[in-house]
J.: 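Before I ask anything, here is the structure I am working with.
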Amino acid sequence: YMKKVTTLLASLAFGWCCIAGPAAAATVAGVELTDYSVGVTKTEGDYSVVVGTTAPIALAGLDLDLKPAVGFGDGDLTFDLNASYDVTEVYGAKISAIAGVGVNWIDTDDLALDARVGAGVSYEIGDGKAVFATYTFGYDFDAEDNDTELRLGVSFKF
């Protein structure tokens, strides 16, 4: 049953990304949100659908993107809070450094905390839409082990 719900959510979010066009930036609770994203994450053989947004911030003189995201899959619920910094641009693709933390409700029974660092690449495909990929290395404090995460998706700007 959960896989059907996850597939439905992914289909709806992906469809919205494909038809949504650029508009004015949204403000939620006084925070400007510049884009939304939907993607699929693979962590140690498990897949989840992830929906997120981006809020630009300035921290210690750097322009960063704060990227909260919620993931659903295999009975797990995750919340990630990552910060990314655009390092360079190569042939129109933005290369980013990523760092963040995540809270995971494993099988909705156990709570785990992890920290992540990695890199990402995004490429604008027109009308404020972009495809992206991120690869992060994480440390799960609850399980006291390392894991990697690959996320692929689509984002659209307002």
Side-chain angles (χ1 to χ4, degrees), residues 2-28 31-59 62-105 114-140 146-158:
M2 186 62 181
K3 288 185 181 190
K4 289 181 182 179
V5 171
T6 302
T7 302
L8 177 62
L9 287 172
S11 300
L12 290 172
F14 184 74
W16 176 250
C17 283
C18 292
I19 64 172
T27 302
V28 176
V31 177
E32 182 183 359
L33 304 177
T34 58
D35 70 38
Y36 290 96
S37 65
V38 63
V40 175
T41 298
K42 180 180 185 239
T43 307
E44 294 185 359
D46 293 331
Y47 292 90
S48 59
V49 175
V50 180
V51 178
T53 189
T54 301
I57 62 169
L59 183 64
L62 295 174
D63 291 329
L64 303 174
D65 287 330
L66 195 59
K67 296 185 177 246
V70 177
F72 311 92
D74 293 329
D76 298 345
L77 175 65
T78 62
F79 176 75
D80 296 327
L81 184 59
N82 294 319
S84 71
Y85 176 72
D86 291 341
V87 176
T88 190
E89 189 169 318
V90 178
Y91 298 111
K94 291 182 184 176
I95 311 297
S96 306
I98 301 168
V101 295
V103 177
N104 308 305
W105 283 272
D114 66 3
R116 306 203 147 277
V117 294
V121 61
S122 66
Y123 186 79
E124 191 161 328
I125 55 176
D127 292 332
K129 296 173 193 75
V131 292
F132 68 88
T134 62
Y135 184 81
T136 56
F137 172 79
Y139 181 78
D140 185 329
N146 301 327
D147 63 1
T148 58
E149 181 178 281
L150 174 64
R151 184 173 298 167
L152 305 171
V154 178
S155 67
F156 58 96
K157 293 189 181 293
F158 287 98

J.: Step through the shown structure and confirm whether more than 12 heavy atoms of other residues, nucleotides or ligands are within 6.0 Å of OH on Y123.
T.: no
J.: How long is the gap from NZ on K129 to OG on S37, to the nearest 0.5 Å?
T.: 14.5 Å
J.: Can you check side-chain contact (heavy atoms from CB on, under 4.5 Å) on R151 and I98, steps first, answer last?
T.: CA-CA 12 Å; R151 184 173 298 167; I98 301 168; over 6 Å; no
J.: State the NZ-CG distance between K42 and L150, to the nearest 0.5 angstrom.
T.: 7.5 Å
J.: Counting only heavy atoms not in F79 (residues, nucleotides, ligands), do more than 12 fall under 6.0 Å from its CZ?
T.: yes
J.: Work out which heavy atom in S96 is nearest to a heavy atom in D86; give both atom names and the distance.
T.: OG-OD1, 2.9 Å
J.: Would L152 and F132 satisfy side-chain contact (heavy atoms from CB on, under 4.5 Å), going step by step from the backbone distance to the final call?
T.: CA-CA 6 Å; L152 305 171; F132 68 88; over 6 Å; no
J.: Testing the basics here: between D63 and A58, what is the closest heavy-atom pair and its distance to 0.1 Å?
T.: OD1-CB, 4.2 Å
J.: What's the separation between atom CG in D80 and atom CG in D114, rounded to the nearest 0.5 Å?
T.: 6.5 Å
J.: What closest approach, in Å, do L33 and A55 show between heavy atoms, and which atom pair accounts for it?
T.: CD2-CB, 4.1 Å
J.: Do Y47 and T41 have side chains that get closer than 4.5 Å, going by heavy atoms?
T.: no
J.: State whether K94 and D65 are salt-bridged, where the test is any N-O pair (Lys NZ or Arg NE/NH1/NH2 against Asp/Glu carboxylate O) under 4.0 Å.
T.: no
J.: Does T53 use its side chain to pair, donor to acceptor, with the backbone of D35 at less than 3.5 Å?
T.: yes
J.: Rounded to the nearest 0.5 Å, what separation is found between the NZ atom of K67 and the OG1 atom of T34?
T.: 7.5 Å
J.: Nearest 0.5 Å, what's the OG1-CG distance between T54 and L66?
T.: 9.0 Å
J.: With a 4.5 Å limit on heavy-atom distance, are the side chains of T43 and S48 in contact?
T.: no
J.: Mind checking whether V51 and Y36 have side chains closer than 4.5 Å, heavy atoms only?
T.: no
J.: Looking at every non-hydrogen atom in both residues, tell me the closest pair between A69 and V50 and how far apart they are.
T.: CB-CG1, 3.5 Å
J.: For residues G100 and N82, report the shortest heavy-atom separation together with the two atoms involved.
T.: CA-OD1, 3.2 Å
